> 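Handing you a structure now.
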Protein chains: 2
Amino acid sequence: MRYTISQVAEKFDLTAHTIRYYDKEGLLPFVERNKAGNRQFSDKDFDWLKLICCLKNTGMPIKQIKLYIEWCLQGDETLEMRRQMYLDHRTEVIKQMNDLQENLKTIDYKLEFYDTICNIPVNADKLSAGK
Amino acid sequence: MRYTISQVAEKFDLTAHTIRYYDKEGLLPFVERNKAGNRQFSDKDFDWLKLICCLKNTGMPIKQIKLYIEWCLQGDETLEMRRQMYLDHRTEVIKQMNDLQENLKTIDYKLEFYDTICNIPVNADKLSAGK
DNA sequence: AATTGACTTAGAGCTAACTCGAAGTTATAG
DNA sequence: CTATAACTTCGAGTTAGCTCTAAGTCAATT
């Protein structure tokens, strides 16, 4: 099956503009064109896009994703670099998760405070960020 | 105890520039000045800054943080709005954590693949993002 | 009295990641 | 044959969040 840019946009919850931007930035060098010059996405391209979205949504900059894709196209000589990239990125993602969990504690603490004070709205914090 | 902007920057791993930027954006209306016009941070301000960093690091836009701080200074009439903001933000943070966890699976799957292929570097994926 | 260093403001500049508009091409429906 | 819709490129514009520079103030040291 072949898909147009707007079908892909729909499927990945992106805009066609964004997909063209990704292409321009070198993230989609493998996408083929028909005689009219229109992009023709294949199911194989969907795997690439899923991966690109995964890396993007975990905070990897587009330039680094581009680099990774270049490595993939270069072949086996870049295998170890790619593996190392995933190792480093995994560490980053774990850190993000830990940071979120830590910050969630603060938010939950605040919520406890507001849940209490909103039922008994007396003597609330006007100028204090604590408690 | 009173602290200068550079001491605060050091403590919160920000630059003095960034702190002035936050002040300009309305995040630090409570910070006092000495006769020379220099900012004088107190321990109470540290609580505010911790909270601001928490919200910022969980993806809350600076404009919304500013709004929250305005609400705090307005007093009890905004208690319910503040509580609702924390509820909404909590949902956001949980979503971020779930998304990260989901994406981490993809990364771990990739790592498994690269761990295998890097020990037996034969027939690697040259043009496929899958498997 | 002069130098040094840390602060001040105002405002310009930067980067990432889009986001949009203009002008043009092509395939299909009427 | 023409109108419409969906695509194309190019390049300008936008937004968030800084980041930096210039020019100036002020307190403390030499």
Side-chain angles (χ1 to χ4, degrees), chain A residues 1-42 45 48-70 89 92 96 99 103, chain B residues 1-42 45 48-49 51-69 89 92 96 99 103:
Chain A
M1 258 305 263
R2 302 279 132 170
Y3 308 87
T4 66
I5 197 167
S6 52
Q7 289 173 316
V8 176
E10 166 95 332
K11 186 170 165 67
F12 284 91
D13 202 28
L14 301 167
T15 68
H17 279 306
T18 301
I19 295 173
R20 285 191 206 103
Y21 165 70
Y22 287 169
D23 196 3
K24 191 160 59 177
E25 292 301 306
L27 265 47
L28 310 172
F30 40 78
V31 173
E32 297 185 350
R33 306 292 184 117
N34 61 17
K35 302 148 233 160
N38 295 8
R39 290 171 187 81
Q40 279 194 141
F41 292 80
S42 69
D45 295 340
W48 280 108
L49 266 166
K50 266 179 232 159
L51 181 62
I52 286 166
C53 287
C54 166
L55 296 175
K56 190 203 62 166
N57 292 334
T58 47
M60 184 178 288
I62 279 174
K63 278 180 187 172
Q64 200 186 329
I65 301 176
K66 173 198 160 92
L67 191 59
Y68 167 75
I69 285 167
E70 283 169 359
H89 192 54
E92 256 306 302
Q96 288 180 48
D99 289 353
N103 284 321
Chain B
M1 258 307 263
R2 301 281 132 169
Y3 309 86
T4 66
I5 197 167
S6 52
Q7 288 172 315
V8 176
E10 164 96 332
K11 185 171 165 67
F12 284 90
D13 202 27
L14 301 167
T15 68
H17 280 305
T18 300
I19 294 174
R20 285 191 204 102
Y21 165 70
Y22 288 169
D23 197 3
K24 192 160 57 178
E25 293 300 307
L27 264 47
L28 310 171
F30 40 78
V31 173
E32 297 185 348
R33 307 290 185 119
N34 61 16
K35 302 149 233 159
N38 295 9
R39 290 171 188 82
Q40 279 193 141
F41 291 81
S42 68
D45 296 340
W48 279 108
L49 267 165
L51 181 61
I52 287 166
C53 288
C54 166
L55 296 175
K56 190 203 62 165
N57 292 334
T58 48
M60 186 179 287
I62 279 174
K63 279 179 187 171
Q64 199 186 331
I65 301 176
K66 173 197 160 92
L67 190 59
Y68 167 76
I69 286 167
H89 192 55
E92 254 307 300
Q96 287 180 48
D99 288 354
N103 285 320

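As the structure is a computational prediction, the values presented were derived from the model and not from experiment. Sequence lines set the chain letters: A, B, ... in the order given, protein chains first and strands last, and positions in each chain run from 1.
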> Near DNA chain C, under 4.0 Å by heavy atom, which residues of residues 54-62 of chain A?
A:Lys56, A:Pro61, A:Ile62
> Please figure out whether A:Leu14 or B:Ile5 has its closest DNA chain C nucleotide nearer the 5' end.
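Its nucleotide being nearer the 5' end, the pick is B:Ile5.
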> Between B:Asp23 (CG) and C:dA10 (P), how many Å, whole number?
11 Å
> Within the pair B:Arg33 and D:dC26, is there a side-chain N or O less than 4.0 Å away from OP1 or OP2?
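No, B:Arg33 has no side-chain N/O under 4.0 Å of OP1/OP2 on D:dC26.
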> As an exercise, state the distance from CE of B:Met60 to CD of B:Glu92, rounded to the nearest 0.5 Å.
9.5 Å
> Rounded to whole angstroms, how far apart are NZ on A:Lys24 and P on D:dT8?
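Atom NZ in A:Lys24 sits about 13 Å away from atom P in D:dT8.
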> B:Gln64 side chain to B:Pro61 main-chain N or O, any donor-acceptor pair under 3.5 Å?
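The answer is no, because no donor-acceptor pair under 3.5 Å joins these two groups.
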> Measuring to OP1 and OP2 of C:dA6, would you say a side-chain N or O of B:Thr4 lies under 4.0 angstrom away?
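Answer is no, no contact under 4.0 Å.
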> How many whole angstroms separate atom CD1 of B:Ile19 from atom P of D:dC18?
11 Å
> Nearest 0.5 angstrom please: A:Leu28 CG to A:Ile69 CD1, how far?
6.5 Å
> Write down the distance between NZ (A:Lys63) and C1' (C:dT15), rounded to a whole number of angstrom.
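From A:Lys63 NZ to C:dT15 C1': 8 Å.
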> So, taking the atom named CG in B:Leu49 and the one named NZ in B:Lys56, what distance separates them when rounded to the nearest 0.5 Å?
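So the CG of B:Leu49 and the NZ of B:Lys56 are separated by 10.0 Å.
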> May I have the distance from A:His17 (atom NE2) to C:dC20 (atom C1'), rounded to whole angstrom?
5 Å
> Going 5' to 3' along nucleotides 24-30 of chain C, which nucleotides have protein heavy atoms under 4.0 Å from the base (write B), which only from the sugar-phosphate (write S), and which from neither (write -)?
--SS---
> Starting at atom CD of B:Gln40, determine the distance to atom C1' of D:dC26, rounded to an integer number of angstrom.
14 Å
> Just checking B:Ser6: base, sugar-phosphate only, or nothing, at a heavy-atom cut-off of under 4.0 Å?
sugar-phosphate
> Once you round it to whole Å, what is the distance between P of D:dG17 and OH of B:Tyr21?
6 Å
> Is any side-chain nitrogen or oxygen of B:Arg39 closer than 4.0 Å to OP1 or OP2 of C:dT8?
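It does, given that an N or O in the side chain of B:Arg39 lies less than 4.0 Å from OP1 or OP2 of C:dT8.
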> Does some side-chain heavy atom of A:Gln40 sit less than 4.5 Å from a side-chain heavy atom of A:Val31?
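A:Val31 vs A:Gln40: side chains apart.
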> Rounded off to whole Å, could you give me the CZ-to-P distance for the A:Arg20 and D:dG11 pair?
16 Å
> Please check the phosphate of C:dC18 (OP1 and OP2 only) for any side-chain N or O of A:Tyr22 closer than 4.0 Å.
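Yes, within the criterion.
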> Considering only NZ, NE, NH1 and NH2 on the basic side and carboxylate oxygens on the acidic side, decide whether A:Asp23 and A:Arg33 come within less than 4.0 Å.
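A salt bridge links A:Asp23 with A:Arg33.
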> Could you state the interatomic distance from NZ (A:Lys50) to CG (B:Asn103), rounded to the nearest 0.5 Å?
13.0 Å
> Test your reading of the model: is there a side-chain donor-acceptor pair from A:Thr18 to the backbone of A:Leu14, 3.5 Å cut-off?
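No, the answer is negative, given that no donor and acceptor are paired below the 3.5 Å cut-off.
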> Flag the pair B:Glu32 and B:Arg2 as a salt bridge only when some basic side-chain nitrogen lies within less than 4.0 angstrom of an acidic carboxylate oxygen.
yes
